[in-house]
Structures are given as structure tokens and as C-alpha cells.
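This report refers to the structure that appears directly beneath it.
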There are 2 protein chains.
Amino acid sequence: MAHSHQHDLIDLRAKLRGKDHRITKPREEILDLLGKEEHPVTAKTIHEKLSESCDLVTVYRSLKMLESMDLVKRFDFGDNTARFELICPDDNGHHHHLICKECRTVVEIDECFDSNLESRIAKKHGFAEVTHQLEFFGLCSSCQTT
Amino acid sequence: MAHSHQHDLIDLRAKLRGKDHRITKPREEILDLLGKEEHPVTAKTIHEKLSESCDLVTVYRSLKMLESMDLVKRFDFGDNTARFELICPDDNGHHHHLICKECRTVVEIDECFDSNLESRIAKKHGFAEVTHQLEFFGLCSSCQTT
DNA sequence: GAATAAATGAAAAAGGCTTGCATATAGATT
DNA sequence: AATCTATATGCAAGCCTTTTTCATTTATTC
Ligand SMILES: [Mn+2]
Ligand SMILES: [Mn+2]
Ligand SMILES: [Zn+2]
Ligand SMILES: [Zn+2]
């Protein structure tokens, strides 16, 4: 844990260098915190979990910056609240979720549709750099028994 | 146009009857207006386009009601603003969009991935009534030349 | 036409997120 | 280690979408 954190920080320094971006306590701690989360979390949740507290505005600004550096990815579960997840190298941030409409339980999904669909759509409409946002919604086993 | 509107209204009456829901001018006109749109529109846009104006709150309330009756579907293009589209019978409201990250141009997409993916995911995690939200984002041909 | 349950308007507020500006601090320079 | 400078932060204010409250109006039933 301590080591992987150390590693993250080295990576972070490398990524931020030359961009005139600084390593600050809030940014460190936000990354650290995100590294421990299993699912996307809201800015508010992050703010509440910070041990060395900072302003909520700083959390928003940090997240925006980390997102722009491709260290963090933003997800949208359809409740008017952005959620953030650390981008991990194996899926490069590209994965999806299954969310219970009732209790809001989240399951990480590692499957995706065939990429041909996306490239076909891109080509058909002359679009470039096409990506997608895909989330599944349903009723988890507990919530079905109502 | 006039006829299809008439038809919509008959449908509407049928659907609302028995639910203690009433046919009102704002609801009629919102449905009428949505029937003319090619892409999802925001509550604000709808409000601005209403000829017989009503309060924006009424637009929100009407949309929520129409959504709950499965007459209208809500979409999320990732800009913190809900967009609404009339559910048309041929796709039953299930379709997706391709949105230009730059100019926000919207293309209606009628393709989707194989439904096996969804049922596999549902089964694997014990979820029921699983649906999905899928939107594509990219750069349209005009916006690529930057 | 009267009764009644639902819908509306108006004002206020909630909630997420952003902006402006003065102050503090990271990282570079000496 | 002290200094410098651009970047980051805190705080207050504001923006924007959406919701809530409550008195009034209106659609539908009888
Ligand atoms: Mn995830
Ligand atoms: Mn559409
Ligand atoms: Zn559930
Ligand atoms: Zn474009």
C-alpha cells in the first residue's frame, strides 16, 4: 500500500512536470483516497473522507485537473452528480457499471461490446476520436423482492 | 401532422385515463412540440418554444409525469442538463446518440450491441429488469479540421 | 352547474458546480 | 536558506438546473 502510493506519486510527479502543475496535499490525498475506492465517488464524498480537510472547491478543481491529465475519469450515473474513479492501467479507464435503480448498489463491469460497432458508427457519420459512455441499470437481487 | 397530433392525443387520453391524470394545455403542447423535434431537448428549450407559455416548473413537472408514463424518455449528454425525447413506437425509446464534443451536434443512432451482452451481465450479477444508457462522443467532420 | 381532486404559478430553496479575488504555498533560482 | 514567481487554495458569491411549498386555478366527475 505504502509502496504503491509511493509509486503513484512518482508517476504523478512525472506527469505533472513540465505542465506547471504542482503536487499539493489535497491532490496527493485525493489520488490516495481514490486509489482505495472500488467504485466511482462524488466530489462531496471525497471531501468528507479527506483527513486533512480542504475546501470543497479545491476538490472540484483538483478533480478537474486530474481528469484533464487522464489520471481520473468522470462517470455519470444519471443523478445529476459526477462521480470520479482513478484510471487504472489495465483497462485504461474504459469500463462500465451496473447500478441498482433502487438501492444504488454499483457493480464494476469489465465486459464491453465489440469495438466494430463504434468504428462503424464513427465512419458512417464522419466522426473521429469516438468514445462511448455506457452504464447498465437494473434491480439487484435484494431489491427484486419487493 | 394535424392527424398524427390527433392520434397522439387519443393515445394520451387512453393512457392517462384511470390514473387520475389530466389532459392540460401545457402537457398537450409539450407532447406536440416534442413530436416535432429530431433530437432530445432540454426543459429550458421546451419552455422557450411553447407558444402558450407556462411556468418552467410546469415543464419540469409535465416531463417528469410523461416520463413516468413512458411517453417521454430522458437522456443525458454529460452536460448536467437532462434532455427529453418522445418515445416512438418503432424503437420503444431505445436508441442512442452520437454527440460532437466540440459543437454539440447530435446524430441519432439506430444501432446497438447484441442484447446477449446485457442478459449475460444481468444474469451474472443477479440483476433483473436491466437496461442501459449508451451515448457516443466524438468529433464531427467540421470540428476535426482544427 | 357544483363538487373535488389534480395541475399550475410564483416564490423560494436545494444542490451541484463554477468564478473572482486576496492570500498562501510549491517549486525554481539564487 | 532566503527569495522569487507562478500556481493553488480558501472564502464568498454566483450560476444553473431542478425541486418544494402553498395558495389558486382548472379538468373531469356527478
Ligand atoms: Mn468503475
Ligand atoms: Mn434520439
Ligand atoms: Zn438494489
Ligand atoms: Zn462538431
Side-chain angles (χ1 to χ4, degrees), chain A residues 9-33 40-69 71-84 104, chain B residues 9-10 12-33 40-69 71-85 104:
Chain A
L9 273 188
I10 291 165
D11 277 8
L12 179 59
R13 272 174 209 286
K15 287 213 180 196
L16 298 187
R17 201 188 319 265
K19 295 240 182 188
D20 288 333
H21 283 161
R22 295 171 182 178
I23 317 252
T24 64
K25 279 223 190 70
R27 289 168 184 185
E28 270 189 57
E29 211 184 337
I30 288 170
L31 277 177
D32 197 25
L33 210 148
V41 282
T42 65
K44 189 166 161 254
T45 303
I46 293 171
H47 182 242
E48 286 163 353
K49 289 193 174 181
L50 288 173
S51 66
E52 190 123 355
S53 85
C54 69
D55 200 284
L56 180 57
V57 179
T58 298
V59 175
Y60 278 111
R61 285 194 275 227
S62 299
L63 287 168
K64 182 167 281 189
M65 191 274 259
L66 294 170
E67 189 189 6
S68 78
M69 310 272 319
L71 288 166
V72 154
K73 188 169 178 199
R74 174 191 305 254
F75 289 93
D76 189 333
F77 290 177
D79 62 351
N80 295 336
T81 312
R83 277 154 217 268
F84 301 86
R104 297 269 126 192
Chain B
L9 273 188
I10 291 164
L12 179 59
R13 273 174 208 286
K15 286 213 180 196
L16 299 186
R17 201 188 320 265
K19 295 239 182 188
D20 288 333
H21 284 161
R22 293 169 183 181
I23 317 253
T24 64
K25 279 222 191 70
R27 289 168 183 185
E28 270 190 56
E29 210 184 337
I30 288 170
L31 277 177
D32 197 24
L33 210 149
V41 283
T42 65
K44 189 167 161 253
T45 304
I46 292 171
H47 182 242
E48 286 163 354
K49 290 192 173 181
L50 288 173
S51 66
E52 190 124 356
S53 83
C54 69
D55 200 285
L56 179 58
V57 178
T58 299
V59 176
Y60 279 109
R61 284 193 278 226
S62 299
L63 287 168
K64 182 166 281 189
M65 190 275 260
L66 294 170
E67 189 189 5
S68 78
M69 311 271 319
L71 288 165
V72 154
K73 189 169 176 198
R74 174 190 304 253
F75 289 94
D76 189 333
F77 290 178
D79 62 350
N80 297 334
T81 313
R83 277 155 216 271
F84 301 86
E85 207 169 62
R104 297 269 126 192

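Every chain is numbered from 1 and lettered A, B, ... according to where its sequence line falls, protein lines coming before strand lines. As the structure is a computational prediction, the values presented were derived from the model and not from experiment.
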Closest approach of P26(A) to T58(A) (non-hydrogen atoms, all atoms of both residues): CB-CG2, 3.8 Å
Here the gap from M65(A) atom CE to H21(A) atom NE2, rounded to the nearest 0.5 Å, amounts to 5.0 Å
Do you know the tightest heavy-atom contact between I30(B) and S62(B)? CD1-CB, 3.6 Å
How many angstroms lie between atom CZ of F77(B) and atom CG of D76(A), to the nearest 0.5 angstrom? 12.0 Å
Expected list for residues 75-83 of chain A near DNA chain C, using heavy atoms below 4.0 Å, is N80(A), T81(A), A82(A)
Whether each nucleotide of nucleotides 19-30 of chain C has a protein heavy atom under 4.0 Å at its base (B), only at its sugar-phosphate (S) or at neither (-) is summarised, 5' to 3', as BB----BBS---
Which pairs count as salt bridge (charged side-chain N to carboxylate O under 4.0 Å, His left out) when at least one residue sits in residues 57-67 of chain B, sequence neighbours excluded? E67(B)-R74(B)
Determine: side-chain N/O of Y60(A) to OP1/OP2 of dT18(C), distance under 4.0 Å, yes or no. no
Here's a test of your reading of the structure: between S53(B) and A43(A), which maps to the more 5' nucleotide of DNA chain C? S53(B)
Of all residues at least two apart in sequence or in a different chain, which pass the ring-ring contact (aromatic ring centres under 6.0 Å, His included) check with F75(A)? H95(A), H97(A)
Can you tell me how far CZ of R83(A) sits from CG of L63(A), rounded to the nearest 0.5 angstrom? 13.0 Å
Closest approach of A43(B) and V59(B), non-hydrogen atoms and distance? O-CG1, 3.7 Å
Please tell me which of L56(A) and F84(B) maps to the more 5' nucleotide of DNA chain D, matching each residue to the nucleotide holding its nearest heavy atom. L56(A)
M65(B) has an atom CE; how far is it from atom C1' of dA27(D), in whole Å? 12 Å
Let's see if you can work this out: which of dG16(C), dC11(D), dT8(C) has an atom nearest to the side-chain heavy atoms of D55(A)? dC11(D)
How many Å lie between CD on E52(B) and C1' on dT26(D), as a whole number? 14 Å
Send over the distance from I46(A) CD1 to dG16(C) C1', rounded to a whole Å. 14 Å
Could you tell me the separation between the CZ atom of R27(B) and the P atom of dT26(D), rounded to a whole number of Å? 15 Å
According to side-chain contact (heavy atoms from CB on, under 4.5 Å), who are the partners of T81(A), at least two apart in sequence or on a separate chain? T42(A), D79(A)
Over its full length, what angle do the end axes of the helix from dG1(C)-dC30(D) to dT30(C)-dA1(D) make, each axis taken from five pairs and the result rounded to 10 degrees? 30°
Is there any side chain to side chain donor-acceptor pair (under 3.5 Å) pair reaching into residues 47-56 of chain B, and which pairs are they, with sequence neighbours excluded? E29(B)-S51(B), E37(B)-K49(B)
The reported gap from CZ in R22(B) to OG1 in T24(B) (rounded to nearest 0.5 angstrom) is 10.0 Å
